[in-house]
Every structure is written in structure tokens, then in C-alpha cells.
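Because only heavy atoms are used, hydrogens play no part in the values below, and waters and symmetry mates are left out as well, while side chains stay in.
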Amino acid sequence: MASVRVHKSRRSKIIGLIEGPKNPSSLLWRQRSLAVAQALFFVVLNLGLMVVGYERALAPGRLLALLGICGMLAVFLGEVARRNDVAEGGRSVWGVGVAVLLPLLLLRLADALGLPRQLVPTPLLAACFGMIYGPRVALAGVGISAVSMGVCVDLKLGLGENVHFEMALVSFVAGALAIAGTEQIKTRGQLIRLGLLTGLGLAFAELVGQVYSGRLMFSEVASNLGSQGWKVSQGPFLAFLNGVLFGYVLFELLPLLEKWFGVVPDVRLLSIGDLNQAFFRRFRIEAPGTFHHSQMVGVLAEAAAQSVGANMLLAKVGAYYHDIGKLYRPEYFTENNLGGPNRHDNLTPQMSTLIIIAHTKDGLEIARELNLPEAVSAFIPEHHGTSCVEYFYHRAKQAGGDVSREQFRYPGPKPQSPESGIVMIADSVEAISRSLRDPTPNRLQNIVHEVVIDKLMDGQLEESDLTLSDLKKMEQSLYRVLLGIFHSRIKYPEKERTGLAAKLLETTAPEDKP
């Protein structure tokens, strides 16, 4: 199941903790020292979990295996720290280290309690690992964890060099299936089916491991089917049960992953992005213009996100919710006016600006009521960034007096992710193109380019991680979508009407005629 993590710069409390030291080199040294200390801690802990309870002298081959596993773990954690920025390096080493060692710890716990080792929830742990840290990091971590568990079983049972292969194989297959499968999951039904397939894969891996290790001889089973049947099938059956339970339990854990780690899987995004739910029905009735605008922004944002390799689903769902704050005072926004009087005619530009800007704050309140993920609610303030409400700023300048542009700016923050920056551009493009009386292809192309340049020169995209190359691709994508929205039609010949239809047309006011 593909997932989204809340962008690092949105977690202001965490970042604020590291802004204190004035000397950047001193801060970097402390962060790297912390990462090294944490890596060494997990290496020692991994070694201890593998050899605890082993009373005999270690053979040279086993000793080299233990040292090799510890070395791989140290290199892996060092690479994790290197690939993360200074602010999150220590946190990442800690989290990844726990994720790698947790299956081994649960294996030792199951052994102490006398529980079958096939019930260690390796698929569940691997899937959570993948959603939090990404599939590549998770797969490497699962590989190290699987080998550690295999060596641990080998040392504990003392049944020969091949015993660890069985445990390592089953653990790695479980983790790999869970990580690869969850990347493609979009619905709960698919997650349950993945659990069944994972269970079958684990059962097969368990049988292969037993045959390879010599613990399963089919000739003996055939001659003693009654007495050997359960002994043979117990391991594969428990492995299958582990896989089946994985799908059910993971779905129930998704809210906790979202709350604790800021992980928003696609299943959750699809659920809150369903336009048939009660909230969107209310949105469609109370603020119809804004609802339609949000849909169109979603179409534009999805296409633009696809062109630059960003998360299309997150961009679309974020667009659906970006203007929900207008539900509080929909009549003050022109798209919901429906030909009625303009509420801003009797207000000062400053008061009108306060009402317009307030829709971001109101939107965040609605988002909290709806319990939206942080990754989605962040679109509400970020889609305007710190941009200026140009219309009322120019009205205030025309009215005279000392007017500062800063008085008419949104409070921000600026877009903190590519998807948020995409929605900012798509929002402006849709609003301006909708106001055109004659949306020709040349005008539409100019609008898209002017919006991108305006946001770029105003500094609104400087924290979004969008490159100039991305912006160029987005321009082309947005232009193509606009051409589809404002496509031309042939002019149909007017019908010749007779009888009652002709009489009705004669009595109809000219401006109401088709």
C-alpha cells in the first residue's frame, strides 16, 4: 500500500528543537555522533539477541556469520543516517534499528513463552516498516532481520547448519511479500486478498525450508501419514494463518500509523477523497461554486503531479479539501454568488481581505472536525502561502491612503511539498481561466505561464522542492488539461420550431432565448 509521510518541514516543533545552536558544524558533529552511538547500540543488541542462551563455544563459521551480520547492520544504519538530513538522521537510525530488531526480539519472546516461531508477525512488521520508511529501506532491513533470525534459531536449536536457512527463508519471503504487496493496495478488499496470498507464500516457503533442512522426508510421511500428517502440516498451517491475519490486523493499525508516524496510506486517501460521502454532499449544496472549483483543481493537480512524478492521489485529495473553509461564509466568494448582490460592495478592502483570508483558518477548523490527516489538512493554508490578495490590495490603493502590500498577504506557510505547490498553481490557473470570456488556446497557454512565473517570482515555491524543470513539465500538462476543459464545439443549426414551441419563444424575453 503506497503511503505518504508528512513532509519534514511541516513538523515545526521537531525542527525548532535543532535551531538553537549557532555553530552549524558543532550541530552536525553532535548529530553524527548521536547516529554513530545509536548504530553501535543496535549492533550490540542484535549480537546479544542472537547469542543469548547459547552455552557452547562458537564454531569459526558461526562466529564469522555473526560478525558479518553485525557488520551489515552497522553499514545499513550508517547509510540510513547518511541519506537523511541532520535534523532527522538520529531519529531515522533509532526507528530503523527498532524495526530491524523487533522481529528478532519477538522471536526470542515466543521461544521463551513456548509459542511456535511461525506466529511471529513478520509480514505485519515488514508492511509497517515499508510504509514508514519506504520499500527500499524496509527490504534491506528485512533481509538483515531475516538472516539474524535464522542464525538465532540455528544457535538455539543446534540442529545443524541448514536449520537457519528455513527460518531466514520464511522471514524474508514474509517481509518481501508484505512490502511489495502493500505498495499496490488501494482498497480493504485488496488488502485482505494480499493476506491470503501472503499466507500461501509463507506456507510454501515453510515446506521448502523443511525439505531443504532435512526435517521433512516425504518417504517417511507417506508411510506414516496418520502419525506424521499434523507434524508436517503444523508449520505451514501456522505460517498461512500468520499471513491471513496480517491483512486484517494491518487495516486496523492504519489509524495508529497515521497518528504516530504521520503515514497516510492510499487506502485512507481514497476513503477521505470519496465525493459521495456526507461532507461533500453538504459542500455541494452549501457552496456549489467552490465545490465545482475544487473538483476542477483536483483534475488539474492530478495531471500536473503525474507529469513531475509527484503523488497524484495526494494532490487530488488535497485539492478537494483546499477550500473547505469557504463553507463558513460561502456568500462572500464570487463562485457561490450565483448572480446575487456582491457582499463586498459595502465593505472596506481591509475588511474584505480579512474575510477572504479567514477561509484558511476556518478550513483548518473543519479539517480538525473531520479528523483529516495532517498531510491533507496542510493543503488548506499552504495553497495560498504568503501570497497577496491582489484584488482588494489594488482597491485599497485606488481608495488612497498609506497601504502596505504586506497587510493583504495570507499568513502562510508557503507550500512545503511538491503536491502543495502543484495545488497552489492549479488553483490560480483554474480560477483565472474560468473568468475568461474567450478561452482560446493561446490565452490559456499564456495564463498557465504567467501564473507559474508569478508564483516563482513571489517566492511562493521556494520551499516546495519543485525544480524549474518540474515547472516546465507542469505548464505543458496544465495547458493540455485546460484545452480539454475548454474544448470548442461546432455551432449547431437553429431548429425550426412550430406550434406550441414557436408561440412560447415569441413570448419569451430576448435575453432568455437559447
Side-chain angles (χ1 to χ4, degrees), residues 1-5 72-73 76 79-80 83 92 95-96 98-104 106-107 118-150 165-209 236 238-254 256-258 261-271 306 309-314:
M1 169 188 321
S3 57
V4 179
R5 289 200 68 189
M72 286 191 298
L73 180 59
F76 173 62
E79 186 67 11
V80 167
R83 287 180 176 270
S92 296
V96 171
V98 170
V100 171
L101 265 65
L102 190 56
L104 180 58
L106 292 178
L107 176 66
Q118 290 87 354
L119 292 180
V120 176
T122 308
L124 179 64
L125 297 175
C128 295
F129 191 7
M131 285 191 289
I132 296 170
Y133 293 103
R136 292 185 179 180
V137 173
L139 193 61
V142 163
I144 295 174
S145 178
V147 175
S148 299
M149 294 172 73
F165 173 79
E166 178 185 337
M167 187 66 206
L169 174 66
V170 174
S171 300
F172 183 75
V173 168
L177 286 175
I179 293 170
T182 49
E183 281 294 300
Q184 309 300 324
I185 295 301
K186 302 294 183 183
T187 65
R188 182 177 184 177
Q190 291 177 336
L191 185 58
I192 302 305
R193 286 194 293 272
L194 173 63
L196 292 172
L197 293 175
T198 303
L200 291 173
L202 290 183
F204 180 74
E206 180 77 17
L207 282 174
V208 171
L238 292 176
F240 174 76
L241 182 63
N242 191 354
V244 171
L245 291 176
F246 144 68
Y248 288 93
V249 177
L250 179 60
F251 188 83
E252 300 301 326
L253 283 179
L254 292 181
L256 295 179
L257 291 176
E258 180 183 320
F261 300 101
V263 173
V264 189
D266 283 356
V267 172
R268 173 76 164 134
L269 289 175
L270 287 168
S271 174
Q306 183 181 25
N311 191 311
M312 296 186 296
L313 182 58
L314 177 62

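- To the nearest 0.5 Å, the span separating CG on Leu253 from OH on Tyr248 amounts to 15.0 Å.
- Heavy-atom minimum distance, Leu125 versus Pro103: CD1-CG, 3.8 Å.
- Rounded to the nearest 0.5 angstrom, Ile144 CD1 and Leu139 CG are separated by 10.5 Å.
- With contacts defined as side-chain heavy-atom distances shorter than 4.5 Å, the pair Leu202/Pro123 qualifies.
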Under the criterion side chain to side chain contact (heavy atoms under 4.5 Å, CB included), I'd like the reasoning laid out for Asn242 against Glu206: C-alpha separation, chi angles, the key distance, then a yes or no. CA-CA 12 Å; Asn242 191 354; Glu206 180 77 17; over 6 Å; no
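- Rounded to the nearest 0.5 Å, atoms CZ (Phe246) and CG (Leu194) are 4.5 Å apart.
- The two residues Gly201 and Leu177 have their closest heavy-atom pair at CA-CD1, 4.1 Å.
- Between the CG atom of Asp266 and the CE atom of Met312 there is a distance of 9.5 Å, given to the nearest 0.5 Å.
- Interatomic distance, Gln118 CD to Leu241 CG, rounded to the nearest 0.5 Å: 11.0 Å.
- In this structure, Leu254 CG and Cys128 SG are separated by 8.0 Å, a value rounded to the nearest 0.5 Å.
- For the pair Thr122 and Met149, the tightest heavy-atom approach, listed with the atom from each and the gap, is OG1-CE, 4.3 Å.
- Minimum interatomic distance between Ala126 and Ala178 (heavy atoms only, all atoms of both residues): CB-CB, 4.4 Å.
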Assess whether side chain to side chain contact (heavy atoms under 4.5 Å, CB included) is satisfied between Leu191 and Val267, documenting all intermediate values. CA-CA 9 Å; Leu191 185 58; Val267 172; 5.8 Å; no
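- Using a 4.5 Å heavy-atom cutoff, the side chains of Leu124 and Leu245 are not in contact.
- Nearest heavy-atom pair, Gly143 versus Phe172, reported as atom, atom and distance to 0.1 Å: CA-CD1, 3.7 Å.
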Candidate pair Ile192 and Phe251, rule side chain to side chain contact (heavy atoms under 4.5 Å, CB included), full reasoning: CA-CA 9 Å; Ile192 302 305; Phe251 188 83; 5.7 Å; no
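- Between Val120 and the choices Leu102, Val170, Leu104, Leu107, the side-chain contact (heavy atoms from CB on, under 4.5 Å) rule is met once, by Leu107.
- The two atoms that bring Val137 and Phe76 nearest to each other are O-CZ, 3.4 Å, heavy atoms only.
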